[in-house]
2 protein chains.
Amino acid sequence: MPETISVGRYLFERLHQAPIGLNSIFGVPGDFNLTLLDKIDEVDGLQWRGNANELNAAYAADGYSRIKSAMGDGSGGLAALVTTFGVGELSALNGVAGAYAEHVGLVHIVGIPSIASQQKQLLLHHTLGNGNFDVFRHMSAHITQTTGILHDESQATAEIDRCIREAYVNQRPTYLAFPTNMVDVQIPIESLDKPLDLSLPKNDEGSEAEVIERVLDMISNAKDPVILVDACAARHDCTREAKQLIELTKFKFALTPMAKGSRHIHEDDDRFVGTYVGTLSYPQTKEAVESSDLVLSLGAMLSDFNTGSFSYSYQTSNVVEFHSDYTKIKKAQYPNVRMKEVLNKILKSSQLKEAIKNYKPAEIKKDPFPKEDVEPASKLTQHYLWSALSTWLRDGDTIITETGTSSFGIIQTKFPRNAVGISQVLWGSIGYSVGAACGAVMAAEEFDPKNRVILFVGDGSLQLTVQELSSMIRYKNKPYIFILNNSGYTIEKLIHGETAEYNNIQPWKHQKLLETFGGEDIENVRINTIKDLNNIFSSPEFAKNDKIRVIELMLDVMDLPENLVQQAELLAKTNSG
Amino acid sequence: MPETISVGRYLFERLHQAPIGLNSIFGVPGDFNLTLLDKIDEVDGLQWRGNANELNAAYAADGYSRIKSAMGDGSGGLAALVTTFGVGELSALNGVAGAYAEHVGLVHIVGIPSIASQQKQLLLHHTLGNGNFDVFRHMSAHITQTTGILHDESQATAEIDRCIREAYVNQRPTYLAFPTNMVDVQIPIESLDKPLDLSLPKNDEGSEAEVIERVLDMISNAKDPVILVDACAARHDCTREAKQLIELTKFKFALTPMAKGSRHIHEDDDRFVGTYVGTLSYPQTKEAVESSDLVLSLGAMLSDFNTGSFSYSYQTSNVVEFHSDYTKIKKAQYPNVRMKEVLNKILKSSQLKEAIKNYKPAEIKKDPFPKEDVEPASKLTQHYLWSALSTWLRDGDTIITETGTSSFGIIQTKFPRNAVGISQVLWGSIGYSVGAACGAVMAAEEFDPKNRVILFVGDGSLQLTVQELSSMIRYKNKPYIFILNNSGYTIEKLIHGETAEYNNIQPWKHQKLLETFGGEDIENVRINTIKDLNNIFSSPEFAKNDKIRVIELMLDVMDLPENLVQQAELLAKTNSG
């Protein structure tokens, strides 16, 4: 038994240790990170998962982290990606920024030149040629919770722990610069015995007491409260609390688009009123949410696409917003009253039962999911697709939808129990879903190879990140890749420039992609009609995720989910406003 | 004739007007730039060239700019790319940073939300969700010459002109944020009549006079001077001056790797001694450069890969470095003595003739390009490839080599007259060459459809940016795409981890790429042997760039150009140092 380990290995052991528990590390090799990558192999059970490029690696890490968060038994999710100095790290920035915007925990580890060559200000390749080695870290500082650099041997483990902790606790990316000369520095192996401190900061007691008192008071005075579960409830590990609150109070509840597929929150629940997207909601959902006289909002992320372009119109000012780092009651903000702790205290409060004793559960009009009869021979439409999908999905599926027609269409789909929804609705970077699928399928299959990961991506978005199909082939993952072939950027055509050349793309032979990327155990399907879709959705063979599949959905150029047409009109107003 | 035009159109008219003269605009549409893109069509002769993603668009703009600079009759080069706020612009950063590092002029135009929605701090999609709309511009400020934003109608044309001018004059990227509400603001059409001021700042007179006096003095005292032409000579439009200096003085001259394929500088020139890469140079070149008693360095870019890991070992301290923004004589720096103006003054100085009157042109040992007899049936090697390539290239070819074995191997190739070399040796972002080829072929074919653009890219690097093949198919370009298939990141294997899993890649079927991306008039070739290569290089049909071609070169995993083995050893020392 050696008495020391290298700092490089320490980093990866920390990421693999419970409770973080990573089994995969994403990224792209580069000459300033190669010796660091050697250390991954030294950690039992940890695998290098090389991506085709760094942006895709960041997306993959994001998808992996979301699945760890959704399926893990620990609290939050985390993932790690390794890039190289300058060229590598900058390519990843858009993906890292997306994780920042959407509260996804990840550590971006960057292999950088040795401290000695930095001090000499050498004009190394991958520099700007001006001797400034710190510029890239400064750029990343804008889109990360914190940045760290291993300058000093005596501080190395503390700095590593800090970067992991900050990413995990805040569910945001952090940046860790790892100079080549630090990789093999030896430290006592006992450093690994000290558990990572991943505890949340404690709430401010006085503020919290006031919040609890006011919330209980508002609950006891309300006739018809509604609970609105949003994305940060899942990201910050509060879906158990949300579920308890629903079960205890019997209040009706809705999900936002970004919260669809949140753990513990089931769409077949008696008290579920549907997906709330402001004016874009189905009428019964809109009515159910907006008529309430108290809104308890958990983990709100109030972006335009998540709210129907900010079109919430509650009929009450009694709104309580629980956030990961503060609480807001009507207009009053309470910093340092964090959702998780305060919700648990409310749930345990003896006064909660008292507050709801006169509450009579509101009646709920059910089935916000439309169905209709269609001619089997008729051409496939998105309207049919998203409803029919409800029948094919099963317990535990992960459904990833690209920003565009898919992320709007999926609102129409009823999710089964324990479904995990992934969609980057706030950041909205097209191409994200393909990279995210790569990371998500890696994580989901680590939990159980039978877990299905189902991607919906448009032909336009696919072009940005297509090479990540190759990584899924390389690692023998078995995702379903539904490609919506509508000959271009349909969502952009809807917003502006329906016939403009800039919204067109080069047509690809999607049926050849898997083969070209070296896929062997593959299946390609093309769906033209309603009947074609019904056939695969009723096939027991197709339901088994035993190979990687491309399902090409042939759609009219301007075929759209209904709610998207309305969103585009609202968006045009915002843009011109 | 309308009396006003929109600010959006003004921007594109300015970019299309002489002397900038752009005919293509690169980028990716996004909802904050769609109305701006409409204006491209209003400019006669200007085309939108949509890329598959933003990183590739930045690379394409970089390649386009380099060709405009190399083939245009104006002075510097320029290119423009358009991305959308947040998601789009961040994906382009690595490409923009590369243009910054390597002195390539481009304008990065970013469509951003309206000023009104910014002032309301709306949580729009593509934001970080924190109401901060300026964060992305701050990130770009680190890697651009200047950033601008069109806040104010009255300042709009001045701000546009400033961003174009700064990019052009400094040969560096600039950043221009274009809010949606500014696109259709009307301005007088006469604004276009005022010529763009693209003049260089004047040199400081006193400093310049001292520089000229000292340089002439050093020349007259030197027995055997050498002129070393580096990349910034071409980027800052000083190759005409370099050529005049060589012709006037008859001094011997060498090129650096980054300067190979610089306009007006011919490798068949009597006075050419070869490519100088420090200890990695061929012996006769090394001897010729290092034995000189005066080194006149034009546009030096002293990066590790460009210098054989900083292994220059002149036997003299008489070194004059002419740079785009300063001059250095021995240890003395002269800020604001810019290369172009001071070189012209030296060339016109009556004292120059006097200074060289006793100079006897040094004898030059010729042919630094190795040839050898090989068995036609034997397996293709890089050593053979790079020499044989010298015979196939022809006047005016553009040769693009990826960072990796290609950018080292090409040093061995003798370039014909008016060849243009493109290689991103300082920044060294793998995948660059595919995007750059897309932009370069667009520009080269605009000058003359017969211009051949020849790309050499490894199978590993190709995976990062492969979708840009699709854009070249879309726009009916006719490049030659040589793919070095050596089963992974060979250059990384050489540096560290020859058998490490992280240096492997998923094997692709390269022969299927063009077809999969919808190519119709295509040719695929696979080269296994010396004879196969000789066959295509002697074929008149193959020599005609009448279709897009993939030529897959099957190479052993560790087959390498000789100089690269040495570079790797030097690099390993720097990294561990």
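Letters A, B, ... mirror the listed sequences (proteins, then strands); counts begin at 1.
Contact record, A/S91 with B/L55: OG-CD2, 3.6 Å, taken as the closest heavy-atom pair. Residue B/L128 comes nearest to A/Y100 through the heavy atom pair CD2-CD2, 3.9 Å, listed as atom of the first residue, atom of the second, then distance. In plain terms, the two heavy atoms of B/L90 and A/L93 that are nearest each other are CD1-O, 4.2 Å. Residues B/D31 and A/I495 approach most closely at CB-CD1, 3.8 Å, considering heavy atoms. Taking both residues in full, the closest heavy atoms of B/N504 and A/R474 are given as O-NH2, 3.0 Å, listed atom of the first, atom of the second, then distance. Closest non-hydrogen pair, A/E515 versus B/K509, comes out as O-CD, 3.6 Å.
When heavy atoms are compared at a cutoff of 4.5 Å, B/F517 approaches chain A by way of both its backbone and its side chain. For B/I491, no part lies under 4.5 angstrom from a heavy atom of chain A. In this structure, chain A has no heavy atom under 4.5 Å from any part of B/E468. Heavy atoms of B/P507 lying under 4.5 Å from chain A belong exclusively to its backbone. Neither the backbone nor the side chain of A/Y432 comes within less than 4.5 Å of any heavy atom in chain B.
Looking at A/T516 and B/L513, their side chains come closer than 4.5 Å, going by heavy atoms from C-beta outward. Side-chain contact check for A/I143 versus B/M139: some heavy-atom pair is nearer than 4.5 Å. In this structure, B/N53 and A/T465 have side chains that are not in contact, with every pair of non-hydrogen atoms separated by 4.5 Å or more.
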List the steps, then state whether side-chain contact (heavy atoms from CB on, under 4.5 Å) holds for A/L34 with B/N503.
CA-CA 9 Å; A/L34 298 176; B/N503 280 330; 3.9 Å; yes
May I have the step-by-step check of side-chain contact (heavy atoms from CB on, under 4.5 Å) for A/E54 and B/N94, ending in yes or no?
CA-CA 10 Å; A/E54 289 87 356; B/N94 177 22; 5.7 Å; no
Stepwise, does the side-chain contact (heavy atoms from CB on, under 4.5 Å) test hold for A/Y489 with B/V28?
CA-CA 11 Å; A/Y489 305 116; B/V28 179; 4.2 Å; yes
Step by step, work out the side-chain contact (heavy atoms from CB on, under 4.5 Å) result for A/L426 and B/T127.
CA-CA 7 Å; A/L426 169 57; B/T127 70; 4.3 Å; yes
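Ranked by heavy-atom pairs under 4.5 Å with chain B, the first of A/N56, A/I40, A/V135 is A/V135. Of the listed residues (A/H138, A/E102, A/Q463, A/E492), the one with the most heavy-atom contacts under 4.5 Å to chain B is A/E492. Most heavy-atom pairs under 4.5 Å with chain A: of the set B/G86, B/G497, B/A500, this distinction falls to B/G86. Heavy-atom pairs under 4.5 Å with chain A peak, among B/G460, B/P29, B/G27, at B/P29. Note on B/T35, B/D38, B/V466: by heavy-atom pairs under 4.5 Å with chain A, the leading option is B/D38. Here B/A101 is the residue among B/A101, B/S471, B/P179 with the most heavy-atom pairs under 4.5 Å with chain A.
Side-chain contact, B/N132 with A/H142: no donor N or O sits under 3.5 Å from an acceptor N or O.
A donor-acceptor pair under 3.5 Å is absent between the side-chain atoms of B/Y502 and the main chain of A/G50, judged by distance alone. A donor-acceptor contact shorter than 3.5 Å links the side chain of A/Q467 to the backbone of B/L464. Remark: side-chain polar atoms of A/H125 are not paired, donor with acceptor, to backbone N or O of B/W427 under 3.5 angstrom.
Remark: A/S423 engages A/T401 in a side chain to side chain donor-acceptor pair (under 3.5 Å) (not counting sequence neighbours).
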